[in-house]
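These notes are about the structure you will find just below.
Side chains included, hydrogens not; waters and symmetry mates left out as well; all remaining heavy atoms used. Letters A, B, ... are given to chains in the order of the sequence lines, protein chains preceding strands, and every chain is numbered from 1.
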Number of protein chains: 2
Amino acid sequence: MVPYGGFEALGDATRRSIVERLRHGPASVGELAAGLPVSRPAVSQHLKVLAEAGLVAVNAAGTRRIYRLAPHGFAALRSELDQLWNDALAAFAAAAEAEGEADGDDERHERPA
Amino acid sequence: MVPYGGFEALGDATRRSIVERLRHGPASVGELAAGLPVSRPAVSQHLKVLAEAGLVAVNAAGTRRIYRLAPHGFAALRSELDQLWNDALAAFAAAAEAEGEADGDDERHERPA
DNA sequence: CGGCACGGTAAGTGCTAACTTACGGTAAGT
DNA sequence: ACTTACCGTAAGTTAGCACTTACCGTGCCG
């Protein structure tokens with residue numbers, strides 16, 4: 001599916017540029033390539049990656065392929081990130097609490113003295 | 001700034017493993033490396049990247065460096081992703097409204113606070 | 001005070017992937 | 001039917017980065 005693949009997909013700067021462009025509305029491959037410093041085939045390959053990550057969807061119109069953002073993949077990314085966010089907050093709160101109590105350095109570590 | 005840098009940081013699988021490990025609580029560099037298939041220096045380098053992206057924070061305890069998740073970077077990522085998600089939804093709604101086409105797509109519209 | 005554990009940095013290597021040009025296949029216009 | 005436009009794929013090159021070993025500074029304990 002698309003568990004963490006979305007992060008891999010958005011890890012590339014060119015792919016993020018494509019997403020940024022698609023934020024303002026659907027566009028064809030040629031239009032996307034025209035606004036980017038790379039060739040059309042490169043854009044096509046990036047779109048393939050984004051599509052496999054569920055971040056974009058395609059709508060064929062004649063020989064032109066109109067790409068648009070797909071909410072599906074972004075929703076998955078969002079929930080992943082939300083979990084991380086919650087755990088980060090919990091860890092932060094726990095650390096702050098331990099700090100307030102005492103200088104406790106006791107954890108479930110297997111580090112022998 | 002580190003607006004999108006977080007996506008770059010989370011684009012690497014080893015770095016995501018580190019984050020996953022830190023979800024359960026703080027850990028030292030040696031502990032992190034012990035649970036990963038890479039060497040300690042590699043972990044150190046990854047932690048540097050994560051720290052520069054604002055995703056982790058350090059707490060020096062003697063010669064040991066205790067790393068933990070930092071809510072700051074995740075908050076930034078979250079808002080970035082929220083904007084993208086909203087635009088994706090808007091684009092989808094506009095497209096669906098313009099045409100009644102059925103692409104066999106299946107997405108849920110859950111909108112948290 | 002001398003050895004030891006911990007971890008960050010330097011230098012070098014290999015593999016992944018982003019990019020290129022070239023080609024083929026499909027749909028629309030004339 | 002021929003031509004033109006649009007796009008995906010193949011093959012090959014190159015640049016970046018993840019990883020390694022080696023080294024050094026720092027803080028604990030004997």
Not counting sequence neighbours, which residues clear side chain to side chain contact (heavy atoms under 4.5 Å, CB included) with B:Thr14? List them please. B:Asp12, B:Val38, B:His46

Using side chain to side chain contact (heavy atoms under 4.5 Å, CB included) as the criterion, list what pairs up with B:Ala13, not counting sequence neighbours. A:Glu8, B:Arg16

Figure out the CD/P separation between B:Glu52 and C:dT9, and round it to whole Å. 9 Å

Return the value, rounded to whole Å, for the distance between atom CG of B:Leu36 and atom P of D:dA18. 14 Å

List the protein contact pattern of nucleotides 13-25 of chain C with one symbol per nucleotide (5' to 3'): B for base contact, S for sugar-phosphate-only contact, - for none; contact means a heavy-atom distance under 4.0 Å. -----SBBBB---

Please state how far atom CZ in B:Arg16 lies from atom C1' in D:dA18, giving the value in whole angstrom units. 14 Å

Salt bridge (Lys or Arg N to Asp or Glu O under 4.0 Å): pairs with one or both residues in residues 27-39 of chain A, sequence neighbours excluded: A:Glu31-A:Arg64

Spacing of A:Ile66 atom CD1 relative to C:dA27 atom P, expressed in whole Å: 15 Å

Figure out the CZ/C1' separation between B:Arg65 and C:dA5, and round it to whole Å. 14 Å

Determine whether B:Leu89 and A:Val19 fall in the same hydrophobic cluster, where Ile, Leu, Val, Met, Phe, Trp and Tyr are linked whenever their side-chain heavy atoms lie under 4.5 Å apart. yes

Between C1' on D:dC7 and NZ on A:Lys48, what's the gap in Å once rounded to a whole number? 13 Å

Criterion side chain to side chain contact (heavy atoms under 4.5 Å, CB included) against A:Leu69, the qualifying member of A:Leu50, A:Leu55, A:Ile18, A:Leu22: A:Leu22

Please give, in whole Å, the distance from D:dG8 C1' to A:Arg64 CZ? 16 Å

Okay, side chain of A:Arg15, backbone of A:Ala9: is any donor-acceptor separation there less than 3.5 Å? yes

DNA chain C in dot-bracket form (Watson-Crick or G-U pairs under 3.5 Å, [ ] crossing, | inter-strand) is ||||||||||||||||||||||||||||||

Could you pull out all residues at least two apart from A:Arg40 that satisfy side chain to side chain contact (heavy atoms under 4.5 Å, CB included)? A:Val29, A:Ala33

Taking side chain to side chain contact (heavy atoms under 4.5 Å, CB included) as the definition, give me every residue that meets it alongside B:Ala70, ordered by chain and number, with sequence neighbours left out. B:Ala57

